[in-house]
Amino acid sequence: MIPKLALRPGTFPRTGILLAAVLASCGGSALAADINKGGTLYATHCAACHGANGTPVMPGTPNFRRMESLMKPDMQLLTVIRNGKGVMPGYFGVLRDREILDVVAYLRTLS
Ligand code: HEC
């Protein structure tokens with residue numbers, strides 16, 4: 001749909017504006033982590049141990065309600081979640097990096 005519009009800019013007058021709007025909305029969602037999506041993924045994959053709202057269910061699990069549990073930068077958390085840690089399974093091959101970053105963005109809303 002985008003290439004077609006781009007190839008025929010004269011097709012109708014608002015094409016330029018439309019195209020700009022489409023590109024802006026795509027660009028935005030491609031760059032920013034999606035907290036809602038992260039929340040859904042969290043509920044599916046993480047809540048069993050980490051608790052629905054970040055209060056640990058399983059002993060030894062960090063409390064995401066406390067900011068101190070998420071002091072590491074996103075990329076470091078991504079690596080831990082990808083590879084697993086202790087009893088926590090790794091999510092490489094289960095979640096894409098993008099999805100893990102969505103979950104991390106969600107985790108940061110819990111404290
Ligand atoms: C089987 C239970 C279990 C599941 C499922 C689980 N975790 Fe964990 N998680 C743990 C435990 C236990 C730890 C503490 C590990 C340690 O320090 O040895 C932990 C630690 C963490 C940490 C802290 C890592 C660090 O180095 O500070 C993060 C972040 C985390 N989990 C995120 C997630 C996310 C996101 C998911 C879902 C995609 C998830 N966990 C799924 C049990 C689990």
Side-chain angles (χ1 to χ4, degrees):
M1 166 184 162
I2 295 169
K4 241 188 193 166
L5 284 171
L7 285 174
R8 293 193 278 139
T11 318
F12 68 133
R14 292 230 180 102
T15 304
I17 295 163
L18 247 175
L19 186 59
V22 169
L23 287 178
S25 60
C26 291
S29 59
L31 290 174
D34 187 333
I35 290 170
N36 289 330
K37 218 164 154 196
T40 308
L41 292 169
Y42 178 87
T44 309
H45 297 282
C46 323
C49 297
H50 287 284
N53 56 8
T55 305
V57 171
M58 183 188 241
T61 309
N63 187 343
F64 295 145
R65 311 291 308 262
R66 294 162 166 234
M67 205 107 72
E68 307 90 85
S69 68
L70 295 169
M71 291 290 268
K72 294 174 186 170
D74 287 3
M75 287 306 148
Q76 217 165 310
L77 292 174
L78 169 71
T79 306
V80 174
I81 296 165
R82 219 201 244 152
N83 298 335
K85 185 176 181 186
V87 283
M88 177 165 117
Y91 285 87
F92 180 79
V94 178
L95 297 174
R96 278 180 266 180
D97 287 0
R98 257 229 63 96
E99 294 174 316
I100 294 176
L101 290 174
D102 289 345
V103 177
V104 168
Y106 171 76
L107 294 180
R108 296 202 187 282
T109 68
L110 295 175
S111 60

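Atoms within each ligand, like the ligands themselves, are counted from 1 in listed order.
- Between Tyr106 and Tyr42, the ring planes are tilted. Angles from 30° to 60° get that label.
- Looking at heavy atoms from C-beta onward, Arg108 lies in side-chain contact with Leu77 at the 4.5 angstrom threshold.
- In terms of protein heavy atoms, atom 25 (C) of ligand 1 is closest to Lys72 NZ, 3.1 Å.
- Lys72 contributes atom NZ, which lies 10.0 Å from atom OG1 of Thr79 (distance to the nearest 0.5 angstrom).
- Among the atoms of Thr61, no N, O or S atom is found under 2.8 Å from atom 8 (Fe) of ligand 1.
- Nearest protein neighbour of atom 14 (C) of ligand 1, counting heavy atoms only, is Gly60 O, 3.4 Å.
- Among all protein heavy atoms, the one lying closest to atom 24 (C) of ligand 1 is Val80 CG1, 3.5 Å.
- Considering all non-hydrogen atoms of both residues, Asp102 and Asp34 come closest at OD1-N, 2.8 Å.
- Counting protein heavy atoms only, atom 22 (C) of ligand 1 is closest to Pro62 CG, 3.9 Å.
- Nearest heavy atoms, Cys46 versus Val103: SG-CG1, 4.3 Å.
- When side chains are defined from C-beta on, His50 counts as touching Met88, because their heavy atoms get closer than 4.5 Å.
- What sits closest to atom 29 (C) of ligand 1 on the protein, heavy atoms only, is Leu77 CD2, 3.8 Å.
- For Phe64, every heavy-atom contact with ligand 1 shorter than 4.0 Å involves the side chain, none the backbone.
- Atom 8 (Fe) of ligand 1 sits nearest to atom NE2 when only the N, O or S atoms of His50 are considered.
- Counting backbone and side-chain atoms alike, Cys46 contributes no N/O/S atom closer than 2.8 Å to atom 8 (Fe) of ligand 1.
- Under a 4.0 Å heavy-atom criterion, Ala48 is not in contact with ligand 1.
- Shortest contact from atom 5 (C) of ligand 1 to any protein heavy atom: Tyr91 OH, 3.2 Å.
- Counting only heavy atoms from C-beta outward, the side chains of Asp97 and Leu78 approach each other to under 4.5 Å.
- Annotation: atom 12 (C) of ligand 1 to nearest protein heavy atom, Val87 CG2, 3.3 Å.
- Heavy atoms of Tyr42 come nearer than 4.0 angstrom to ligand 1 in no pair at all.
- Between Arg98 and Ala32, the shortest heavy-atom contact is NH2-O, 3.4 Å.
- The minimum heavy-atom distance linking Ala33 with Leu101 is given by the pair CB-O, 3.9 Å.
- Annotation for ligand 1: atoms under 4.0 Å from non-hydrogen atoms of Val103 are 35 (C).
- Atom 2 (C) of ligand 1 has as its closest protein heavy atom Cys49 SG, 1.8 Å.
- Of the polar atoms of Ser69, none of the N or O atoms is found under 3.5 Å from an N or O of ligand 1, judged by distance alone.
- With a 4.5 Å cut-off on side-chain heavy atoms, Glu99 and Val94 do not count as touching.
- With a heavy-atom cut-off of 4.0 Å, Gln76 does not touch ligand 1 at all.
- Closest approach of Leu110 and Asn53 over heavy atoms only: CD2-O, 3.7 Å.
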